[in-house]
J.: 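Pasting in a structure now, in structure tokens, and then I'll have a few things to ask.
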Number of protein chains: 2
Amino acid sequence: MFERYLSKDTEMLRSSEIRDLLKLTEGKKVISLAGGLPDPSTFPAEEIEKITSDILKNYPERALQYSTTSGIVDFRKELVNLSARRGITGINENNIFVTVGSQEALFMIFNLLVDPGDTVIVEMPTYLAALNILRARKPNFIGVKVTEKGPDIDELERKVKENISNGKKPKLMYVIPTAQNPAGTTMSLEDRKRLLEIAEKYDFLVVEDDAYGFLVFEGESPPPLKALDKSGRVIYTGTFSKILAPGLRLGWIVASEEFTHELELYKQNVDLHTPTFTQMIAMEAIRRGVIDRQIPKIKETYRKKRDVMLSAIEKYFPKTAKWSRPVGGMFVFTWLPEKIDTVKMLNEAMKRGVAYVPGSSFYYDYSGRNTMRLNFSYPSPEELEQGIKILGQTISSYL
Amino acid sequence: MFERYLSKDTEMLRSSEIRDLLKLTEGKKVISLAGGLPDPSTFPAEEIEKITSDILKNYPERALQYSTTSGIVDFRKELVNLSARRGITGINENNIFVTVGSQEALFMIFNLLVDPGDTVIVEMPTYLAALNILRARKPNFIGVKVTEKGPDIDELERKVKENISNGKKPKLMYVIPTAQNPAGTTMSLEDRKRLLEIAEKYDFLVVEDDAYGFLVFEGESPPPLKALDKSGRVIYTGTFSKILAPGLRLGWIVASEEFTHELELYKQNVDLHTPTFTQMIAMEAIRRGVIDRQIPKIKETYRKKRDVMLSAIEKYFPKTAKWSRPVGGMFVFTWLPEKIDTVKMLNEAMKRGVAYVPGSSFYYDYSGRNTMRLNFSYPSPEELEQGIKILGQTISSYL
């Protein structure tokens with residue numbers, strides 16, 4: 001009976017392909033390269049247990065009570081410090097806004113900024129769950145191709161100009177400059193500067209998703225766009241899901257006070273505030289150096305797993321395939337010969353015992369039918385080797 | 001610079017008057033009857049500490065990892081049991097949906113169901129934060145006056161008929177049948193049945209907010225509308241904020257599977273899922289009988305505080321004032337003589353040392369200028385006595 005009552009906006013809602021896939025693989029003997037889960041062996045459970053015990057003994061009435069909408073002040077001060085380690089300076093706690101994971105950050109940012117018909121720029125491919133939020137806002141999309149160096153900045157400027165001359169001035173660009181999900185690419189410092197110059201010149205906002213900024217395990221991570229932002233044009237999102245634990249659902253936004261005030265008004269409607277207790281846990285994890293100890297440990301774990309996956313791909317994938325060689329994050333992206341449709345191939349792959357995410361899910365227009373995303377953070381090294389072997393055989397059988 | 005980028009929907013966002021007030025009273029020597037905080041002395045901190053310790057020792061990888069969008073299955077099964085204690089039967093875990101407080105429940109329900117121009121029915125007065133979500137959807141409001149017995153059911157039917165004859169068929173009614181916030185009223189069983197008959201006859205949905213259903217401290221609490229719902233027309237929301245701890249931000253929805261599926265698609269966009277760790281804490285609190293032990297303790301605390309407030313009102317308020325005598329919940333609502341404007345009186349009251357929420361905040365059309373909401377759950381008995389004394393003197397000075 002509900003269908004006829006639903007808001008017209010609801011038409012746009014589609015189940016996340018990744019989550020549907022995860023459901024299919026649940027309880028079956030399928031090696032899943034489809035997920036996006038951190039390696040749970042990296043969770044600092046003992047240290048978190050000590051922290052929760054101390055909090056509940058010393059500050060029970062504070063930890064279990066309502067708190068302010070933008071996040072606990074002391075936690076926001078620690079987030080100023082944490083942001084500084086990504087090179088983001090000159091901010092204070094009023095520039096920080098705490099959210100239920102960075103998913104809620106993106107949900108609020110896009111809902112506050114994007115009206116139907118507004119022009120927004122996204123990478124092709126880009127993060128699926130961000131695309132789903134944007135799709136629900138019914139915008140005019142500009143897609144910018146991601147090469148092995150990140151988004152093609154020449155193409156960006158050309159498409160922005162084209163759209164402006166057609167009366168479609170872009171309002172914002174959503175971009176993941178470091179260890180991109182799904183492409184696994186990292187933008188150079190020069191490209192970051194050029195992107196910001198273009199945003200300045202054509203006057204659009206930049207929403208920077210820095211989910212993997214702390215997880216660059218090879219070479220130096222260039223500074224985030226927010227660290228290079230002179231005009232307050234960049235809205236930055238970070239997350240504890242990759243550096244502490246996703247089950248706490250904690251993310252944060254760095255933005256101008258003008259914008260964090262808008263976020264505050266909106267979040268009063270969405271959920272009043274992020275859980276006090278989980279905020280205090282993450283606050284203490286920063287203060288006690290847990291995060292500092294976690295980051296190198298996680299990097300080392302993921303670097304090894306990436307190496308296992310890349311070696312296996314080298315060994316088992318046909319020579320006509322291309323793939324990213326990520327310096328950070330949790331994913332390898334693969335471009336197969338054009339004749340292969342990874343959506344159609346998925347059933348066969350799952351029959352043979354391996355799952356992946358078809359890359360078209362990460363394209364706003366569902367193109368990229370010959371691509372796929374492979375996760376290396378969650379499976380064991382043995383599963384990575386075996387999964388890639390089966391996948392290589394599956395691909396070969398389609399050639 | 002952000003103003004010109006904001007979505008057109010953003011115009012509707014207004015800061016919550018309650019929260020702005022709380023900010024004003026922060027750190028000042030003002031007795032606040034304005035809040036809506038539970039009494040922190042009722043928080044079972046020691047038991048929660050034992051639970052968190054056990055969870056992190058025994059299930060660390062589960063508690064700290066991502067989990068399913070609709071809520072952990074085992075927790076939803078416990079919520080089926082908890083709902084049964086409110087008389088809601090014949091449901092299973094697929095009828096349950098876990099949210100970040102019942103605020104997120106209301107946010108998602110109203111965003112899924114209400115389009116601009118849709119007709120929605122609300123009580124006058126009703127819960128401020130629900131009104132703010134609805135206002136952002138730009139509906140056509142029907143307001144139904146709350147008497148000492150709850151919403152006036154005759155007026156409800158008359159206004160529904162009127163609106164239908166004007167082409168404005170209602171889509172849903174938002175109602176708080178038990179220990180209403182702010183009015184403190186509780187509907188009789190007969191009125192509950194009549195409300196449902198009208199919903200059936202005129203074919204609108206009912207969103208039932210049962211935030212205080214477990215906190216009826218005088219007499220029996222009549223069953224919630226959801227327990228009387230034969231056609232799956234009622235969407236029920238519950239919260240752990242009043243029976244365990246608001247800092248955990250946990251609420252739940254009981255609805256048809258058809259609707260919980262829509263909620264699942266939407267919540268994937270909003271925040272992926274409610275924190276795994278806090279869900280496991282509440283799950284264990286149900287299993288270990290913590291909730292069962294909490295409820296009588298909280299009831300006893302609030303019953304005593306209500307008695308202190310009502311005695312003080314009796315003593316200090318002018319005879320021309322009227323007030324509710326709540327059998328549950330956390331608030332007393334007061335109707336003052338028409339000549340008093342409680343918005344204008346607030347500054348004077350705060351100067352004298354007491355704060356309250358002007359009642360007009362709880363009316364969709366900002367009427368009810370002579371009313372105010374008084375909270376008895378948070379202040380100490382001494383503060384309640386003293387606060388009401390000052391408030392009585394303030395009122396008298398305006399007469």
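Order of the sequence lines sets the chain letters (A, B, ...), proteins ahead of strands, with each chain counted from 1.
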J.: Under 3.5 Å, is there a donor-acceptor pair between the side chain of A/Q65 and the main chain of B/P38?
T.: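 At least one qualifying donor-acceptor pair exists.
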
J.: Is A/T274 in contact with chain B via its backbone, its side chain, both, or neither, using a 4.5 Å heavy-atom distance?
T.: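 Backbone only.
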
J.: How close do B/S241 and A/Y66 get, heavy atom to heavy atom, and via which atoms?
T.: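 That closest heavy-atom pairing would be CB-OH, 3.5 Å.
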
J.: Measuring heavy-atom distances to chain A, does B/S53 have an atom under 4.5 Å in its side chain, in its backbone, in both, or in neither?
T.: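 Contact with chain A involves both backbone and side-chain atoms of B/S53.
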
J.: Who among A/V270, A/T278, A/I133 has the most heavy-atom pairs with chain B under 4.5 Å?
T.: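 When all of A/V270, A/T278, A/I133 are compared, A/V270 has the most.
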
J.: Give a yes or no on this: more than 12 heavy atoms of other residues, nucleotides or ligands lie within 6.0 Å of atom OH of A/Y364.
T.: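 More than 12 heavy atoms, drawn from other residues, nucleotides or ligands, come within 6.0 Å of this atom.
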
J.: Below 4.5 Å, heavy-atom pairs only: which of A/V114, A/T99, A/D118, A/L248 has the largest tally toward chain B?
T.: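 Option with the greatest count: A/L248.
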
J.: Check whether A/Q103 reaches the backbone of B/N269 with its side chain - one donor and one acceptor, N or O, closer than 3.5 Å.
T.: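 Checked: pair present.
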
J.: Can you tell me if CD on A/E200 sees more than 12 non-hydrogen neighbours from other groups inside 6.0 Å?
T.: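 Enclosed.
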
J.: If you draw a 6.0 Å radius around OH in A/Y59, do more than 12 non-hydrogen atoms from other residues or ligands fall strictly inside?
T.: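 Result for OH/A/Y59: open.
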
J.: Could you look at A/F240 and say if it's the side chain, the backbone, both or neither that has a heavy atom under 4.5 Å from chain B?
T.: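 Contact with chain B is absent: no heavy atom of A/F240 under 4.5 Å.
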
J.: Heavy-atom cut-off 4.5 Å, strictly under: side chain, backbone, both or neither for A/K50 against chain B?
T.: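 Neither the backbone nor the side chain of A/K50 comes within 4.5 Å of chain B.
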
J.: Restricting to pairs with a member in residues 270-283 of chain A, which pass salt bridge (charged side-chain N to carboxylate O under 4.0 Å, His left out), not counting sequence neighbours?
T.: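 For residues 270-283 of chain A, and leaving out neighbouring residues, the salt bridge (charged side-chain N to carboxylate O under 4.0 Å, His left out) pairs sorted by first residue read A/K267-A/D271.
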
J.: Nearest 0.5 Å, what's the CG-CD distance between B/L37 and A/E61?
T.: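 B/L37 atom CG to A/E61 atom CD measures 11.5 Å (nearest 0.5 Å).
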
J.: If I take atom CZ from residue B/R249 and atom CZ from residue A/R249, how far apart are they, to the nearest 0.5 angstrom?
T.: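 Output value for this atom pair is 15.5 Å.
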
J.: Tell me every residue that passes side-chain contact (heavy atoms from CB on, under 4.5 Å) with A/A63, counting only those two or more places apart in sequence or in another chain.
T.: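 Checked A/A63 against side-chain contact (heavy atoms from CB on, under 4.5 Å); matches are A/I55, A/F277, A/M280.
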
J.: So which part of B/Y378 gets closer than 4.5 Å to some heavy atom of chain A, the side chain, the backbone, both or neither?
T.: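 For B/Y378, the contact with chain A is made by the side chain alone.
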
J.: Nearest 0.5 angstrom please: B/D54 CG to A/E49 CD, how far?
T.: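 Reported to 0.5 Å precision, the distance equals 8.5 Å.
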
J.: Of the listed residues (A/I281, A/L244, A/T276), which shares the most heavy-atom pairs with chain B below a 4.5 Å separation?
T.: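 Counting heavy-atom pairs under 4.5 Å, the top option is A/T276.
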
J.: Please report the interatomic distance OG1(A/T52) to CG(B/L56), rounded to the nearest 0.5 Å.
T.: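 The OG1 atom of A/T52 sits 5.0 Å away from the CG atom of B/L56.
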
